[in-house]
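Down below is the structure, laid out as structure tokens.
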Amino acid sequence: MREARLILNDGTVFVGKSFGYDADTAGEVVFNTAMTGYPESLTDPSYAGQILVTTFPLIGNYGVPDTGMADSGLPLFMESEKIHVKALVVADYSEQYSHWNAKESLASWLQREKVPAITGIDTRRLTMVLREHGVMMGRIEIGTGIAKEQNNSHQDYGSVNWVEKVSCKEVVTYNKGAGKRVVLVDCGVKANIIRCLIKRGVEVVRVPWNYDFNVLDFDALFLANGPGDPERCETTVEHIRGFLNNGKVRPCMGICLGNQLLARAAGAKTYKLKYGHRSHNQPVMQVGTTRCFITSQNHGYAVDDTTLPDGWEPLFVNMNDGSNEGIHHKTNPWMSAQFHPEACSGPVDTEFLFDEFIKMLG
């Protein structure tokens, strides 16, 4: 393994060894506290443009499953067709793996997809730096050299429309002819969202982030997750606003970025969290009840509850920091969740929200 360094925007340097693809890269450095699910996280489009740090120390011990596609047109086990993170940072990479479903090692997969990765990093210290300072830009450098030490250029994560980069480029239909038709706006959708909808017997029409879906004939709208700043998706927001205001009331559900886009379409504002929520164990409470759920999350922005207009109210709240975890309309069938009810690789405590969405379809 060659020497590799992670250099944060504040000048902090972490030295380790490369076990992925030997290439320099840069991105927003974020941490995830999940103990499992690295194949799903790496292929989650919401991580586009980011260097992922895993706080759980041992990574790679159960290898990587089949990365191929199913007959449905969706990945067999992954959340998209490729790895989306800019790089992976772990404390201890396991060179030996064992799992009944494993087809290859994590290192071979990363190298095949040309994604850098570092092991031997003190991820406890790194996480403490990110919690204190907040997420920041950083770069990975493989090998050493004076020229590299003088290279302090970082691309600003918030200045890029990452949704445009990960969204589908054309309309795709799944489960054609099966029941009610749901238009899904692909801002970086996780495959398990589509799987959960198909399993409930609806036709899913997946459209690009900037596609004017209002010209289509459909029964309900679904707003998917995705990466980056929701302010970069003003075109999508305008289309959602047209849906909300056209006088023909139809069900709508949003997940993650979809929650933020629905809120902005309604007239609310969003803001960036200090270090975001990326884990399998975020506690959220349903507003007005004592029902609390453990949820999977991956987002760096949130809805400002105080800016919700008349007719809208919070649906869920984060029990750690009090931030918004979902909204709904008081009279119309429009709701959203900031967390991931489809939760691949778990937990599945809130998958019932898909059932609630189907009920709204009638």
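Here the structure is a predicted model, which means the values were calculated and not measured.
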**Prompt:** Are Arg181 and Glu203 close enough for a salt bridge, meaning some N to O gap below 4.0 Å?
**Reply:** yes
**Item:** Exam field: side chain Ser296 to backbone Ala343, donor-acceptor pair closer than 3.5 Å
**Value:** no
**Request:** Using modelled atom types only, decide if a donor and an acceptor are shared between the side chain of Asp219 and the backbone of Lys180 within a distance under 3.5 Å.
**Result:** no
**Item:** Pairing of Lys269 and Asp304 as salt bridge, 4.0 angstrom limit
**Value:** no
**Asked** Within a strict 4.5 Å, meaning less than it, do heavy atoms of the Val249 and Thr331 side chains meet?
**Response** no
**Message:** Please report whether the ring centroid of Tyr271 lies less than 6.0 Å from that of Tyr301.
**Reply:** no
**Item:** Lys/Arg N to Asp/Glu carboxylate O, Arg139 vs Glu141, below 4.0 Å
**Value:** yes
**Asked** Taking the side chain from Gln297 and the backbone from Gln338, do they hold a donor-acceptor pair closer than 3.5 Å?
**Response** no
**Request:** Might you point out which heavy atoms bring Ala266 and Leu244 nearest each other, and give the distance in Å?
**Result:** N-CD1, 4.3 Å
**Message:** So if I apply the side-chain hydrogen bond (donor to acceptor under 3.5 Å, both in side chains) rule between Arg264 and each of Thr270, Thr307, Thr236, which one comes out positive?
**Reply:** Thr270
**Request:** Taking Arg232 for its side chain and Gly228 for its backbone only, find out whether a donor-acceptor pair lies under 3.5 Å.
**Result:** no
**Prompt:** Taking Val29 as the fixed residue, which of Val129, Val53, Val135 is the one that meets the side chain to side chain contact (heavy atoms under 4.5 Å, CB included) rule?
**Reply:** Val53
**Message:** Would you say Tyr157 and Asp229 are linked by a side-chain donor-acceptor pair, where the criterion is simply a distance under 3.5 Å?
**Reply:** no
**Asked** Can you list the steps and then say if Ile59 with Leu106 is a side-chain contact (heavy atoms from CB on, under 4.5 Å)?
**Response** CA-CA 9 Å; Ile59 299 295; Leu106 175 57; 3.7 Å; yes
**Request:** Please confirm whether the backbone N or O of Glu132 pairs with a side-chain atom of Lys274, one donor and one acceptor, at under 3.5 Å?
**Result:** yes
**Side-chain donor-acceptor contact under 3.5 Å, Asn61 with Ser94** = no
**Request:** Examine Tyr38 together with Tyr62 and report whether their ring centres are nearer than 6.0 Å.
**Result:** yes
**Prompt:** Any Lys/Arg nitrogen of Lys199 or Glu351 sitting under 4.0 Å from an Asp/Glu carboxylate oxygen of the other?
**Reply:** yes
**Message:** Could you check whether Phe222 and Phe213 have their ring centres less than 6.0 Å apart?
**Reply:** no
**Asked** Do Asn298 and Asn225 have a side chain donor and acceptor closer than 3.5 Å?
**Response** no
**Request:** For the residue pair Thr235 and His239, confirm or rule out a side-chain donor-acceptor distance under 3.5 Å.
**Result:** no
**Request:** Tell me, please, whether Phe243 has Arg250 positioned over its six-membered ring: NZ or CZ under 6.0 Å from the ring centre and within 45 degrees of its axis?
**Result:** no
